[in-house]
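Since the structure comes first, as structure tokens, the remarks are kept for the end.
Quick note on labels: first sequence line is chain A, next is B, and so on, each numbered from 1.
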2 protein chains.
Amino acid sequence: MRHRLKDVAERAGVSVKTVSNVVNGYQHVRADTRARVEEAIAELHYRPNLSARNLRKGRTGVIALAVPELDIPYFAELARHVVAAAAEHGWTVLIDQTGGGPEQERKAASGIGDHMIDGLILSPLALTADDLAALDGLPMVLLGERVDHGPADHVMIDNVAAAREITAHLVGLGRRRIAAIGSQRTPEGASARLRLEGYTTALAEAGIEYDDSLVAPAPAWHRADGAAAMRHLLTAEVRPDAVFCFNDTLALGALRALHEAGLRVPEDVAVAGFDDIEDGRFSIPTLSTVAPDKERIARLAVELLAGRLTADRDAPPRELVAPHRLALRESAPSPC
Amino acid sequence: MRHRLKDVAERAGVSVKTVSNVVNGYQHVRADTRARVEEAIAELHYRPNLSARNLRKGRTGVIALAVPELDIPYFAELARHVVAAAAEHGWTVLIDQTGGGPEQERKAASGIGDHMIDGLILSPLALTADDLAALDGLPMVLLGERVDHGPADHVMIDNVAAAREITAHLVGLGRRRIAAIGSQRTPEGASARLRLEGYTTALAEAGIEYDDSLVAPAPAWHRADGAAAMRHLLTAEVRPDAVFCFNDTLALGALRALHEAGLRVPEDVAVAGFDDIEDGRFSIPTLSTVAPDKERIARLAVELLAGRLTADRDAPPRELVAPHRLALRESAPSPC
DNA sequence: ATTGCGGGTTACAACGTTGTAGAAACCAGG
DNA sequence: CCTGGTTTCTACAACGTTGTAACCCGCAAT
């Protein structure tokens with residue numbers, strides 16, 4: 001049913017290698033030979049066996065993107081950009097969902113694709129620099145904040161600066177009791193720590209005293225967690241007049257909780273998020289947020305990986321910082 | 001740097017095949033031999049080369065899931081379930097984003113994974129039954145409505161019934177000028193046609209006359225399209241008092257447009273969607289919608305594929321219908 | 001002592017492809 | 001017609017793995 005080079009070769013009356021040459025676009029094949037071979041290929045619906053080709057070449061043309069959860073919109077949007085950027089290099093992307101667990105992440109980084117993938121773009125939550133160092137071999141690019149100065153290339157954004165800017169924006173709106181949602185004490189919460197740092201820095205710069213009761217933890221960063229945290233914050237004696245959520249889904253949950261509490265956004269409470277996901281442009285109200293340049297992040301990651309794969313396999317790891325900007329919408333509008 | 005069976009064999013002082021046997025859990029290996037081999041494996045960090053194994057076995061352990069767009073939440077959620085269901089069978093899922101274009105879909109179905117994947121779960125938008133019939137070879141399961149009675153296994157939900165039920169629910173709320181958003185005349189719009197049919201059926205059953213001006217097309221089913229369509233509907237002389245959007249993202253866009261127009265949901269206009277995406281549980285107001293059993297859809301698809309791969313490769317194609325239910329929330333609440 | 005048996009192990013070939021090296025065919029210039 | 005160089009093609013080996021068939025060995029049954 002499925003044919004091999006050999007079958008095509010027999011049909012065209014040439015050697016196996018000549019067919020291979022035609023398939024691979026080798027220059028020095030006589031026009032009529034090429035035609036005969038191509039005809040045979042068409043007639044037999046021949047398609048190369050990639051496993052064999054990969055075995056021979058030591059390359060697969062597939063890279064993996066491993067993210068914690070695909071139905072977190074940020075990762076889905078990022079995945080789209082990575083797929084697009086990889087396509088420009090002729091790569092297929094195998095998208096892998098790790099669930100954020102250490103075993104799954106380790107598996108993604110070593111087991112699954114071993115010799116099935118040429119490289120990996122990993123957004124680690126659980127794995128540490130040491131874990132990763134143990135996974136020699138596979139060219140890898142890391143995304144996000146979990147691993148600092150690790151053993152691999154790394155693309156990130158300046159979380160501290162971004163959090164500081166958006167918090168400062170809330171300050172600029174005249175808010176003083178600015179809450180934060182999303183803090184995490186676990187080792188997985190590296191992004192949370194950096195964003196908290198930006199938040200506290202901005203408060204300090206504005207001369208606002210840090211109030212621990214205004215900082216609500218969130219075990220995960222889903223809508224439900226944001227809503228729960230917001231409800232908790234609203235039980236306090238003095239209500240916050242703004243809240244900076246460490247990502248957009250948290251913020252959407254917070255919007256929901258504020259709505260249920262009968263509070264107006266931004267009049268009573270201004271809300272800001274982080275990630276600039278599509279939802280935030282259509283929520284009610286629309287969401288002010290930090291907009292990381294996802295397209296750039298994806299492109300940088302793919303290009304770092306390309307570099308690893310072609311040129312300097314053992315070059316020292318590079319760290320690149322992608323730009324971000326503030327996207328100011330209704331939930332915490334521009335002052336003007 | 002990367003080791004092969006041969007290296008392990010030399011280190012352990014046994015034959016290559018014995019190492020292979022250990023790796024594959026073959027029974028009849030003496031305990032001490034096994035121990036020596038395992039030690040050597042650990043020391044060398046040996047990992048099997050999957051390309052070679054696949055070449056030898058003719059199987060890859062990878063199936064592909066090809067969907068139009070990953071950042072449509074419905075597909076992202078579906079992907080999560082497919083990954084989970086496939087994991088139970090020991091498969092890795094290669095997620096592929098087709099963009100809904102015929103070339104990309106064809107490539108997904110034939111080129112990309114050829115001999116790299118054992119099977120494909122495809123959610124086609126552009127390809128027709130004829131296109132697919134031409135793609136012999138790869139075991140395939142189709143999702144959705146694009147291809148009816150095609151050449152491959154098929155998992156779908158009863159779109160007509162579901163659309164009829166949710167429309168009937170709007171009727172039950174006393175609405176009479178019920179609009180629809182999302183109609184499409186292109187061949188890609190198979191889901192749209194079925195949902196429109198359910199809509200018109202429900203109207204007919206309620207004795208409400210069909211009004212073409214209440215049916216708004218939407219080129220794609222994104223939030224922006226829903227908002228635009230809703231704005232257009234609101235320019236009519238008589239306002240609709242309910243709107244059935246053919247998916248949830250359209251509905252979220254419609255909510256946004258209604259909000260901007262100063263209309264209350266559901267008091268002035270009730271809104272219903274389709275898909276039951278996570279967003280709709282936290283939107284303001286929360287979204288009434290048709291909830292297809294995504295988990296079941298994914299499980300059925302994976303099991304159909306498993307059947308193709310193991311047993312009856314040439315059995316006649318099967319069509320399975322996954323259940324759905326109505327999820328009634330604030331935007332078109334239960335009458336009680 | 002020989003045979004039979006089966007557990008433990010091995011050599012070899014094969015999966016389908018491509019790189020290497022070289023053979024065969026061709027061409028131009030003498 | 002030969003020479004030298006290029007184009008065109010081919011045979012062979014190799015990539016790393018596993019299935020097949022066979023071998024060796026110790027032990028129980030003859």
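- Remark: C1' of D/dT20 and NZ of B/K17 are 8 Å apart, rounded to the nearest angstrom.
- Distance, A/R47 CZ to C/dT17 P: 13 Å, rounded to whole Å.
- Among the atoms of the strands shown, none is found under 4.0 Å from any heavy atom of A/V23.
- Rounded to whole angstrom, the span from the CG atom of A/N49 across to the P atom of D/dG16 amounts to 17 Å.
- A salt bridge is defined here as a Lys NZ or Arg NE, NH1 or NH2 lying under 4.0 Å from an Asp or Glu carboxylate O, and B/E39 with B/R11 fails to meet this definition.
- The phosphate of D/dT18 has OP1 or OP2 within less than 4.0 Å of a side-chain N or O from B/R53.
- Within a 6.0 Å sphere centred on CZ of B/R34, other residues, nucleotides and ligands contribute more than 12 heavy atoms.
- Considering only heavy atoms from C-beta on, B/I157 stays 4.5 Å or farther from B/P323 through its side chain.
- On a pure distance criterion of 3.5 Å, no polar donor-acceptor pair joins the side chain of B/R56 and the base of D/dT17.
- Classification of the A/H28-A/Y26 ring pair by plane angle, with boundaries at 30° and 60°, yields perpendicular.
- Taking 4.0 angstrom as the limit, A/T33 places a side-chain polar atom (N or O) nearer than this to OP1 or OP2 of D/dC9.
- Between B/L5 atom CG and D/dT17 atom P the separation is 4 Å, expressed in whole Å.
- If you measure from atom CG of B/L55 to atom P of C/dT18, you get 12 Å, rounded to the nearest angstrom.
- Under 4.0 angstrom from either OP1 or OP2 of C/dT18 there lies at least one side-chain N or O belonging to A/S20.
- The base of C/dG16 is not paired with the side chain of A/K6 by any donor and acceptor separated by under 3.5 Å.
- Here C/dT18 is the nucleotide among C/dT9, C/dT10, C/dT18 with the atom lying nearest to any side-chain atom of A/K57.
- The closest side-chain heavy-atom distance from B/H89 to B/E303 is below 4.5 Å.
- For the pair A/T18 and D/dT10, the criterion of a side-chain N or O lying under 4.0 Å from OP1 or OP2 is met.
- The CG-C1' distance, from B/N21 to D/dT17, rounds to 12 Å in whole Å.
- Among the protein residues, B/Y26 comes within range of the nucleic acid bases, having at least one heavy atom under 4.0 Å from a base atom.
- We find that NE2 of B/H28 is positioned 9 Å from C1' of C/dG6, with the value rounded to whole Å.
- Atom-to-atom, CG of A/N24 to P of C/dT20 comes out at 14 Å; the value is rounded to the nearest Å.
- Of the candidate nucleotides C/dG19, D/dT17, D/dT8, D/dT17 has the atom lying nearest to any side-chain atom of B/R4.
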